[in-house]
Amino acid sequence: MGHVGRERAGMTRLVCIGGSDGGISAALRARELDPTAEIVVMLADAYPNFSICGIPYYISGDVADWHDLAHRSRADIEALDIELLTDTTARRIDVATHQVSATGATGREQTIGYDRLVIATGAVPAMPPIAGLNRLGPADGAHLLHTMSDAHAVMHSVAARQPDHVAIVGAGYIGLEMAEALRARGIAVSVLEALPHVLPTLDGPLGDLVANELTAHGVQVRTSTVVNAISPEGNELSVHAVPTGTDKGAAPLELRAGMVLVVTGVTPDTALAREAGVPLTPKGAIRADRHMATGLPDIYAAGDCVLTHHALLGETYIPLGTTAHKQGRIAGENALGGQRAFEGSLGTQVVKIFDLVAARTGIRDHEATPAGYKPFTAAFVADDHKAYYPGATTVHVRMTGDLTTGRLLGVQMVGTVPSAVHKRIDTAATAIYAGLGVDQLDNLDLSYTPPLGSPWDVLQAAGQYWLSTSKSER
Ligand SMILES: Cc1cc2nc3c(=O)[nH]c(=O)nc-3n(C[C@H](O)[C@H](O)[C@H](O)COP(=O)(O)OP(=O)(O)OC[C@H]3O[C@@H](n4cnc5c(N)ncnc54)[C@H](O)[C@@H]3O)c2cc1C
């Protein structure tokens with residue numbers, strides 16, 4: 001058994017388990033605050049600080065070299081005097097002695113002592129109950145997608161198997177980004193989704209706009225379709241599915257595909273934390289408080305392994321890179337004695353699907369009602385900029401406000417890439433964070449020039465529409 005890491009007398013030693021958004025953010029913040037602290041980041045794979053959010057753009061070919069997906073190179077991180085232990089898997093945390101036991105690539109066990117620990121082990125892909133899936137893997141053309149190794153495996157399958165058809169199970173944002181990526185390679189794509197609409201983080205009518213965009217780019221979209229079995233069929237895979245919802249009772253479906261991608265969400269990767277006695281939620285996320293403290297002495301947590309404090313909903317689970325970065329920064333600061341609190345996520349999200357962008361922030365009716373709000377949602381359309389200037393396109397908005405207080409609760413938008421819906425959503429996120437009423441949107445001094453907008457921005461016009469249509473309900 002070896003003992004790794006330098007030990008400097010009198011210095012705080014911070015160990016981060018996880019070398020992605022959460023763990024690296026914690027380490028970087030700690031280094032900003034304390035130039036003398038010993039900081040060690042250990043990660044199970046060989047890809048410290050990679051932007052896994054960029055994987056679809058590597059697979060599409062937009063990013064030619066996977067190395068370019070690194071937010072920072074290994075050398076950049078080490079230049080900050082942060083020790084990186086790659087290919088090193090933490091196996092056990094001994095809370096009493098403040099030690100982590102880990103194994104490296106050779107299988108040799110090491111112990112690493114800590115004064116403060118940040119757990120940022122992230123998430124693992126959810127495994128839906130699909131018969132045969134657990135017997136298949138990349139060698140058969142069956143893929144999950146979460147890590148750089150997964151990305152390499154997909155690229156290998158694309159090159160080696162030359163699939164002319166890929167089936168994607170799951171129409172969340174990763175499934176749709178991958179549909180676009182594979183179409184860019186000239187491969188036929190089917191997307192199979194159990195729910196009635198693609199991109200279920202949006203209301204159905206907006207999901208339908210996204211589905212139309214997918215279809216227009218040659219993606220076969222099958223919603224209300226539950227994949228229940230995948231089996232090898234020669235060099236291909238046979239995907240079996242049954243229709244649900246209003247299509248229930250229709251004939252089962254069988255698709256042949258050279259490759260299958262299963263992207264149906266993630267679950268927190270917390271076996272290590274659980275064994276150490278870290279309190280978890282019923283769904284297995286670390287129950288960190290707003291200071292990212294776990295309740296165990298000197299142990300903090302951040303990222304996809306942690307429950308999400310939501311500014312409107314309380315506790316939920318929304319695994320996103322944006323949140324992991326923020327939580328990691330707070331965990332790193334507090335591990336060195338800080339007192340910063342995570343103010344809460346709003347689930348703000350954006351995704352590009354071919355020529356469209358879909359974005360959302362805040363909450364929708366089905367989330368607002370159980371949380372005690374009295375939501376009203378208005379659907380609104382407007383041009384992204386003055387129609388007399390060439391190139392104006394339609395922005396579709398769904399705005400949700402609370403009928404009792406008038407507070408803005410959520411906004412969803414779908415528009416073209418140049419319509420900048422993501423930045424309009426960011427304005428909405430800022431307004432929700434500030435607790436603004438829908439009527440206060442008019443007070444915001446937003447920018448205007450005819451090629452880019454209107455004197456009343458789309459968000460403000462949607463607010464005015466919400467106020468007029470909700471009047472009879474208030
Ligand atoms: C294809 C794709 C696209 C995405 N796009 C977006 C996007 O556009 N916007 C957005 O906000 N989010 C996006 N996300 C989500 C975002 O990437 C994650 O929320 C974020 O990476 C979570 O960071 P994390 O550090 O918590 O965990 P992870 O990225 O899951 O990293 C976990 C780290 O822990 C390490 N680890 C795990 N167990 C151990 C152990 N026992 N010992 C040592 N190390 C361990 C792993 O090696 C890894 O370094 C995307 C995700 C994917 C997969």
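Both counts, for ligands and for their atoms, begin at 1 and track the order of listing. These numbers come from the heavy atoms of this one structure, side chains and all, not from hydrogens, waters or symmetry mates.
- You'll find the side chain of Met42 reaches within 4.5 Å of the side chain of Val100, heavy atoms only.
- By heavy-atom distance, the residue among Pro125, Ala90, Cys305 lying nearest atom 40 (C) of ligand 1 is Ala90.
- Per-residue contacts place Ala324 under 4.0 angstrom from the following atoms of ligand 1 (heavy atoms of the residue considered): 22 (C), 23 (O), 26 (O).
- Between Tyr57 and Trp66, the distance separating the two ring centers is not shorter than 6.0 angstrom.
- Closest to atom 14 (N) of ligand 1, if we only count protein heavy atoms, is Tyr173 OH, 3.0 Å.
- Proximity of Leu28 to Arg72: side-chain heavy atoms (C-beta onward) are separated by under 4.5 Å at one or more points.
- Closest to atom 17 (O) of ligand 1 among all protein heavy atoms lies Ile52 CG1, 3.2 Å.
- Atom numbering of ligand 1 starts at 1 in the shown order; those under 4.0 Å from a heavy atom of Asp45 are 47 (O).
- Remark: among candidates Ile174, Leu272, Ile55, the nearest residue to atom 52 (C) of ligand 1 is Ile174, based on non-hydrogen atoms.
- Set against the non-hydrogen atoms of Gly303, the atoms of ligand 1 under 4.0 Å away are 26 (O).
- Among protein heavy atoms, atom 48 (C) of ligand 1 sits closest to Gly19 N, 4.0 Å.
- Counting the atoms of ligand 1 from 1 in the order shown, those under 4.0 Å from a heavy atom of Ala123 are 30 (O).
- Of the protein's heavy atoms, Ala44 N, 3.2 Å lies nearest to atom 47 (O) of ligand 1.
- Remark: aromatic rings of His152 and Tyr47 are close, center separation under 6.0 Å.
- Using a 4.0 Å cutoff on heavy atoms, Thr88 counts as a contact of ligand 1.
- Looking from atom 16 (C) of ligand 1 to the surrounding protein, the closest heavy atom is Gly321 N, 3.5 Å.
- Comment: Asp203 engages Arg398 in a salt bridge, judged by a side-chain N to carboxylate O separation of less than 4.0 angstrom.
- Two rings, from His325 and His71, have their centers less than 6.0 Å apart.
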